[in-house]
Amino acid sequence: MNLFEVTPEVLCPNRYLQYVTHAEVGAVTLFSGIVREWTNGKRTLFLEYEAYVPMAEKMLTEIGADIQRKWPGTRIAIAHRIGKLQISETAVIIAVSSPHRQIAYEANEFAIEQIKKLVPIWKKEIWEDGEKWVGGQTYKPL
Amino acid sequence: MIHLYYFAQIKELTQKKEETILWADGTVAELVKWADETYPGFTDYSWQVAVNEEYVLETEQINPGDTVAFIPPVSGG
């Protein structure tokens, strides 16, 4: 019922929007994470994303299951792109549907926070004068 | 034998994405010791370890046939 993928293909929002839409749905939130040109005054030329694909897809599936436990009645589709991405391209799409809008907003935000914390995906910023793997948040298992 | 995966900055240190090594038995901590001897500077990086696609602690046992990944701080999204 849910859809989770990590792919080198261009992400098309409609695919995920349609996937979560059905007769019980009254609201869909669609989040797109976009490649930004300027970060802290530094200009990015492009990004390279890499993933541990089987584990990343498994963890996205777990995030989806968590969301459905916390907010029954939701449906979730998440896609993350890997490879070389240009400025303004879409790196991640999260679609969450629900009978009412409040839960669709909350669950969508929960999904992106969990992805940034847990899912084994990495981005490298490439600048005019160098490059760096971005090490955002560190997860420590208990 | 166990199969190892390296990603992002760790992959650049080891200069390989993956490899298979001989392994009788031991913990994650013992594998980390091996990695630091094989790739000087390995423990200067930060990472979590996943065994068979699950995050584990350094006390976790690694058995022949397992897949072990070194996961640097993630930055998806």
Side-chain angles (χ1 to χ4, degrees), chain A residues 4 6-7 11 31-36 39 44 47-63 78-82 85 90-94 108-125 131-142, chain B residues 1-21 23 26-33 35-36 39-63 65-77:
Chain A
F4 304 100
V6 174
T7 172
L11 301 181
F31 171 83
S32 303
I34 306 289
V35 178
R36 184 178 53 230
T39 299
T44 298
L47 295 182
E48 289 269 356
Y49 278 94
E50 168 178 323
Y52 182 17
V53 175
M55 182 171 169
E57 289 184 339
K58 200 161 124 184
M59 298 208 68
L60 291 176
T61 306
E62 283 172 20
I63 291 169
I78 304 177
H80 204 297
R81 190 161 161 206
I82 50 175
L85 271 75
T90 300
V92 59
I93 288 186
I94 302 168
N108 199 306
E109 186 171 22
F110 176 83
I112 187 67
E113 297 300 332
Q114 293 297 97
I115 288 169
K116 284 181 170 286
K117 242 190 309 204
L118 298 174
V119 180
I121 299 174
W122 301 272
K123 77 174 141 219
K124 187 193 241 181
E125 288 179 351
E131 55 180 42
K132 182 177 158 253
W133 286 102
V134 181
Q137 305 180 43
T138 309
Y139 170 70
K140 293 273 180 198
L142 296 170
Chain B
M1 311 260 266
I2 55 174
H3 199 72
L4 307 180
Y5 284 104
Y6 308 110
F7 297 98
Q9 53 270 51
I10 308 283
K11 182 180 74 181
E12 290 176 358
L13 173 74
T14 61
Q15 299 194 325
K16 61 185 76 163
K17 276 160 47 178
E18 55 186 298
E19 65 184 317
T20 300
I21 64 164
W23 189 258
T27 62
V28 168
E30 286 163 283
L31 178 65
V32 168
K33 191 163 169 282
D36 199 47
Y39 305 107
F42 196 89
T43 49
D44 296 340
Y45 289 82
S46 64
W47 25 256
Q48 295 296 309
V49 175
V51 175
N52 301 329
E53 301 171 9
E54 300 278 350
Y55 286 113
V56 297
L57 295 171
E58 291 224 328
T59 50
E60 184 84 5
Q61 191 71 24
I62 299 171
N63 298 307
D66 283 348
T67 296
V68 183
F70 290 94
I71 313 270
V74 303
S75 51

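Naming convention: chains lettered A, B, ... in sequence-line order (proteins, then strands); numbering from 1 in each chain. Just the heavy atoms: all of them, side chains too, but no hydrogens, waters or symmetry mates, feed the values below.
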**Q.** Contact origin within A:Lys124 toward chain B - heavy atom pairs under 4.5 Å
**A.** side chain

(Q) What part of A:Glu125 gets within 4.5 angstrom of chain B, counting heavy atoms only: side chain, backbone, both, or neither? (A) neither

Q.
Could you check whether atom CD of B:Glu19 has more than 12 heavy atoms from other residues, nucleotides or ligands sitting under 6.0 Å from it?
A. yes

(Q) Could you check whether any side-chain heavy atom of A:Lys58 comes within less than 4.5 Å of a side-chain heavy atom of B:Glu54, counting everything from C-beta outward? (A) yes

Q: Please name the pair of heavy atoms, one in A:Ile115 and one in B:Val74, separated by the smallest distance, quoted to 0.1 Å.
A: O-CG2, 4.4 Å

Q. Salt-bridged, A:Glu50 to B:Lys17, with N to O below 4.0 Å?
A. no

Q.
Main chain of B:Ser75, side chain of A:Tyr49: is a donor-acceptor contact present, judged purely on distance under 3.5 Å?
A. no

Q: Indicate the atoms forming the closest heavy-atom contact of A:Ala91 with B:Gly77, along with that distance.
A: CB-O, 4.2 Å

Q.
For A:Tyr52 versus B:Ile71, what's the shortest heavy-atom pair and its separation?
A. CD2-CD1, 3.9 Å

(Q) Under 4.5 Å from any heavy atom of chain B, what part of A:Ala51 do you find: side chain, backbone, both or neither? (A) backbone

Q.
For A:Trp122, run the ring pair (Phe, Tyr, Trp, His ring centres under 6.0 Å) check against B:Phe70, B:Tyr6, B:Phe7, B:Trp47 and tell me which one passes.
A. B:Phe7

